There are 2 protein chains.
Amino acid sequence: MRLQPPQQGRLSIGLDVGGTKIAAGVVDADGEVVERVPPLPSSATDQAAMLRTLSAVVEELRTRHPGVVAIGVGAAGLVHWPEGRIRTAPNNTYRDLPLRHVLQDSTGLPTVVDNDANAACWAEYRKGHSASYMAFITVGTGVGGGVVLADRLFRGRTGIAMEIGHMIVDPHGGERCGCGNTGCLEPLASGPALGRYGSAAAAAEPGGMLATLAGDPAKVTGETVSAAALAGDPGALAQLERLGGWLGIGVATLVNLFDVELVVVGGGVAEVGDPLLAPIRSHFARFVTAAGHRELPDIRPARLGPEAGWIGAALLALDQEEAGTA
Amino acid sequence: MRLQPPQQGRLSIGLDVGGTKIAAGVVDADGEVVERVPPLPSSATDQAAMLRTLSAVVEELRTRHPGVVAIGVGAAGLVHWPEGRIRTAPNNTYRDLPLRHVLQDSTGLPTVVDNDANAACWAEYRKGHSASYMAFITVGTGVGGGVVLADRLFRGRTGIAMEIGHMIVDPHGGERCGCGNTGCLEPLASGPALGRYGSAAAAAEPGGMLATLAGDPAKVTGETVSAAALAGDPGALAQLERLGGWLGIGVATLVNLFDVELVVVGGGVAEVGDPLLAPIRSHFARFVTAAGHRELPDIRPARLGPEAGWIGAALLALDQEEAGTA
């Protein structure tokens with residue numbers, strides 16, 4: 001325990017800007033949550049309205065927490081670093097939005113804007129795990145992630161590194177990806193992919209648990225599959241095995257390239273736990289190179305859940321501000 | 001031009017230890033070749049003989065070049081960093097050889113031992129190209145490479161990062177890899193793969209140039225295919241297109257993950273030039289994510305040829321020694 005932590009009293013606002021909602025709150029320098037606000041609707045089509053919402057949340061939180069010294073934003077899409085310019089986001093209409101500049105100007109506070117999966121990766125690193133070389137993969141509507149190398153978040157030259165969902169794992173098969181390509185990991189390993197696998201399984205077995213739970217095979221979602229799997233349904237478990245198999249293949253490539261000591265798996269789909277983690281681990285062990293000649297990294301579940309995005313963004317801002325580079 | 005370069009007169013010995021031969025020489029701090037020795041045979045089975053050869057070369061070069069202050073070795077296989085311990089090498093019998101320790105003890109000189117593709121990557125970075133974020137891929141008997149991030153060679157936690165040949169690109173098809181897995185890039189994109197593609201093409205067209213050049217379809221090698229391609233044979237060009245396609249897919253994943261500004265392609269197979277580079281570029285452009293929303297990195301041929309390994313190893317040793325960390 002530090003008697004006089006240098007960051008004592010310093011707080012940071014975190015914002016996670018998604019396609020449909022904005023999550024936000026305040027953390028201290030240890031990443032402890034000081035306040036969280038109820039999720040706010042995010043307008044996918046009205047950029048001005050979205051910016052007004054962000055400003056209002058920031059002002060409200062600053063009023064209640066005078067110790068706030070920085071703002072961090074995690075945003076879906078390609079975010080250029082360190083400019084914090086959102087180049088493109090799949091579920092929002094904004095294009096080339098200089099969000100960092102806008103927020104810094106309107107609030108006067110040092111601000112960082114990073115990719116949402118990078119922010120979540122940083123939260124898992126700072127709060128959940130202690131590995132200097134750590135990959136994070138998040139499985140939800142999409143597949144994303146980040147990596148910490150030598151205790152620093154890796155961003156590549158312009159901030160758009162670690163597009164984990166777009167590793168090419170099946171170039172001549174596979175579904176078309178939201179990015180327009182085929183062969184990407186995302187359309188084989190995301191929540192919607194799990195729903196698709198579940199729909200096909202339900203259609204093939206109309207009296208099975210998946211079809212019964214959803215009412216209609218076409219209505220099976222990733223959540224249906226997870227619920228059925230947790231109830232022990234073999235058909236649902238097989239779909240998670242398939243999804244986890246693809247993720248394990250992706251993790252093998254990540255480890256072959258980055259030589260990390262830990263892989264953390266988060267996101268909504270991963271909340272099902274072992275039915276997904278077990279096939280990730282087994283496929284990883286089968287596909288990683290030279291498995292017999294190296295120490296294999298652990299593959300562990302994320303610890304922070306859906307709050308990782310805004311908590312990580314807030315911590316990134318504070319860590320950056322402390323380093324004097326924000 | 002520096003009038004008094006701090007490294008003036010400082011020389012370094014570089015050694016490239018492969019499965020069948022050892023290449024070696026001396027460079028100055030700018031990477032200029034001061035002397036190169038004719039390639040020496042390397043014993044794949046007799047570790048003591050291999051170490052005697054290395055020591056003899058080092059002693060001989062030191063005698064002629066008193067300015068030598070460091071030794072660098074590039075070695076095939078998994079090499080732990082910074083210990084310079086060769087964990088395993090596909091074409092040598094040594095296992096867990098602490099080569100850095102052995103050479104440092106016997107010569108009294110600061111020594112670094114790194115993976116041969118890492119060493120070649122460093123040579124291309126230091127001598128050939130000026131990109132702070134640069135990936136290097138070498139296509140020969142195997143497929144390997146390295147990456148420079150923020151002007152530093154990236155090695156991962158233990159030195160075994162960047163196993164580019166073992167990215168999983170075709171998990172449910174593809175040939176078995178030398179590493180024992182299936183789905184790796186290497187068996188689809190190496191020199192032997194090119195020979196295999198060429199053999200099949202020659203068997204399908206017994207009167208074609210490939211079959212004629214090799215005498216027997218089974219005798220077609222990667223070199224045969226390259227020679228026929230340079231003579232304009234459409235059948236040979238199609239095989240390089242296939243090989244380059246797989247490499248382009250691998251490069252897309254690398255760029256999606258590392259966000260580099262430059263990709264350099266080297267190794268014996270790449271010496272054929274455009275017939276391989278063109279399909280790498282086209283497949284890369286097709287498979288990289290968000291191509292319309294980013295600046296695409298250049299894909300350029302390597303500049304140093306087969307000497308990149310020992311030159312890069314020598315430079316790594318000198319750069320390391322200069323930084324005071326060898």
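Chain letters run A, B, ... following the sequence lines, proteins first, then strands; residues in each count from 1. All figures in this text were calculated on a predicted structure; none of them were measured in a lab.
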Can you tell me how far apart [atom1] ([X]) and [atom2] ([Y]) are? Round to the nearest 0.5 Å.
X        : Y        : atom1 : atom2 : answer
B:Arg294 : A:His80  : CZ    : NE2   : 8.5 Å
A:Ile160 : B:Glu295 : CD1   : CD    : 9.5 Å
A:Leu78  : B:Thr289 : CG    : OG1   : 7.0 Å
A:Arg157 : B:Leu262 : CZ    : CG    : 10.0 Å
A:His293 : B:Ile86  : NE2   : CD1   : 13.5 Å

I'd like to know if the side chain of A:Asp259 and the backbone of B:Thr158 have a donor-acceptor N/O pair within less than 3.5 Å.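 A pair under 3.5 Å: yes.
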Query raised in the report: Counting only N and O atoms by type, is there a donor-acceptor contact under 3.5 Å from the side chain of B:Asn256 to the main-chain atoms of A:Met167?
Result: no
Among A:Phe154, A:Phe258, A:Trp246, the residue with the most heavy-atom pairs under 4.5 Å to chain B is A:Phe258
From the list A:Gly156, A:Ala252, A:Gly145, A:Ala150, the residue making the most non-hydrogen contacts under 4.5 Å with chain B is A:Gly156
Residue from B:Ile249, B:Asp96, B:Asn181 scoring the most non-hydrogen pairs under 4.5 Å with chain A is B:Asn181
In terms of heavy-atom pairs under 4.5 Å with chain A, the winner among B:Ala291, B:Gly250, B:Pro171 is B:Pro171
Check whether any side-chain heavy atom of A:Val147 lies under 4.5 Å from a side-chain heavy atom of B:Leu257, and answer yes or no.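 A:Val147 does not reach B:Leu257 side chain to side chain.
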Measure [X] against the heavy atoms of chain B and call it side chain, backbone, both or neither at under 4.5 Å.
X        : answer
A:Val288 : backbone
A:Leu254 : side chain
A:Arg155 : backbone
A:Ile168 : both
A:His283 : neither

The interface call for B:Leu149 against chain A, heavy-atom contacts under 4.5 Å, is side chain
| task | Give a yes or no on whether B:His172 atom NE2 has more than 12 heavy-atom contacts from other residues, nucleotides or ligands under 6.0 Å away. | result |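 Buried by this count: over 12 neighbours within 6.0 Å.
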